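Whatever order the structure lists them in is the order used to number ligands and atoms, beginning at 1. Note that this is a predicted model, so its numbers are computed, not measured.
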Amino acid sequence: MMMNFPIISLERLNGVERKDTMEKIKDACENWGFFELVNHGIPHDLMDTLERLTKEHYRKCMEQRFKELVSSKGLDAVETEVKDIDWESTFHVRHLPESNISELPDLSDEYRKVMKEFSLRLEKLAEELLDLLCENLGLEKGYLKKAFYGSRGPTFGTKVANYPQCPNPELVKGLRAHTDAGGIILLFQDDTVSGLQLLKDGEWIDVPPMRHCIVVNLGDQLEVITNGKYKSVEHRVIAQTNGTRMSIASFYNPGSDAVIYPAPKLLETETEENSNVYPKFVFEEYMKIYAALKFHAKEPRFEALKAPNVKLDPIAIV
Ligand code: OGA
Ligand code: NI
């Protein structure tokens, strides 16, 4: 049976419907790893402006480059499946621990300003969501934010992507299947061209486009901290034959030196026979493994970090 993709209105967090909304968020975290937020408080006109500027920037600065790349690799005329390339045109912006937006080439002043404003709003929304997760998990308020903090605070960045119209979507993926490495991901996606899918019970399910909503999903680090109560879910992007899909994905992640481990409070409730405990590691170490194994299953990444971490103290070996 096909269940409905979870759509959650944050407006209903206030007042008598709070309990029901918290319950919906909990169900989405436990059973989907994904949900769509409406009434999230981010002004719709800000989203509209960002969408317009992103699409203009793509046409002006990215589209031609993408076409050249495609033809130089012969991707427009492939006859067998391509397994090592994604049909996407992207650039990345970092907001935290410090912004690099002033260093990025080709962005108009207006685009920089709007992107900055949007990212500040999203950062607040990510932190609000982390606290709602804490509440549902029985963790103290601020626990997850603190867990991600490290010595310099969280890493927060945006991947701006366009998935151009594609002649052979069955042979080349917009973005190959993966789980996200980090914490919590907030996605502003095209409201007409679809393509994002998540894997649920062995089936690929569309994450339906909806105007002005924010798609939220959980990354591998939340799976570790919750000791598997919440799971990062595999997803992919199918390129479309009917148009280019915009996606602005923002990643609220641990700081590179944050030490990630299952919340002790959540381990107390584990039974003896169900004591699969996730590893403890420095986030940066996780990212090294992820960089090499992003498009592989996540379990070997967790396993690799469970191996005893033998570090020789230079003084001890003299
Ligand atoms: C990602 C991702 C989905 C999208 O960048 O990790 O899953 O719709 N993006 O762009
Ligand atoms: Ni992803």
Fill in: Asp20 and Arg12 ion-paired at < 4.0 Å
yes
Worksheet item: In Asp180, the N, O or S atom nearest to the Ni ion (ligand 2) is which?
Response: OD1
Worksheet item: Nearest heavy-atom pair of Leu144 and Ile225: which atoms, and what distance?
Response: CD2-CG2, 3.7 Å
Inventory of protein N or O atoms under 3.5 Å from ligand 1 N or O:
unit_1   : atom_1 : unit_2 : atom_2 : d
ligand 1 : 5 (O)  : Lys159 : NZ     : 2.9
ligand 1 : 6 (O)  : His178 : NE2    : 3.0
ligand 1 : 6 (O)  : Asp180 : OD1    : 3.0
ligand 1 : 7 (O)  : His178 : NE2    : 3.1
ligand 1 : 7 (O)  : His235 : NE2    : 2.9
ligand 1 : 8 (O)  : Arg245 : NH1    : 3.0
ligand 1 : 8 (O)  : Arg245 : NH2    : 2.7
ligand 1 : 10 (O) : Tyr163 : OH     : 2.9
ligand 1 : 10 (O) : Ser247 : OG     : 2.5

Fill in: Six-ring centre of Trp32, Lys200 cation under 6.0 angstrom, axis tolerance 45°
yes
Worksheet item: Without hydrogens or angle criteria, can the side chains of His92 and Thr158 be said to hold a donor-acceptor pair below 3.5 Å?
Response: no
Practice prompt. Return yes if a side-chain donor-acceptor contact under 3.5 Å exists between Asp180 and His235, otherwise no.
Written response: yes
Response to the item:
Closest non-hydrogen atoms of Gln221 and Ile260, given as atom of the first, atom of the second and distance, are OE1-CG2, 3.4 Å
Item to complete: Would you kindly say whether Asn162 and Thr244 are connected by a side-chain donor-acceptor distance under 3.5 Å?
Response: no
Worksheet, complete the sentence: Looking at His178, the N/O/S atom that lies nearest to the Ni ion (ligand 2) is called NE2
Worksheet item: With respect to the Ni ion (ligand 2), what is the nearest N, O or S atom of His235?
Response: NE2
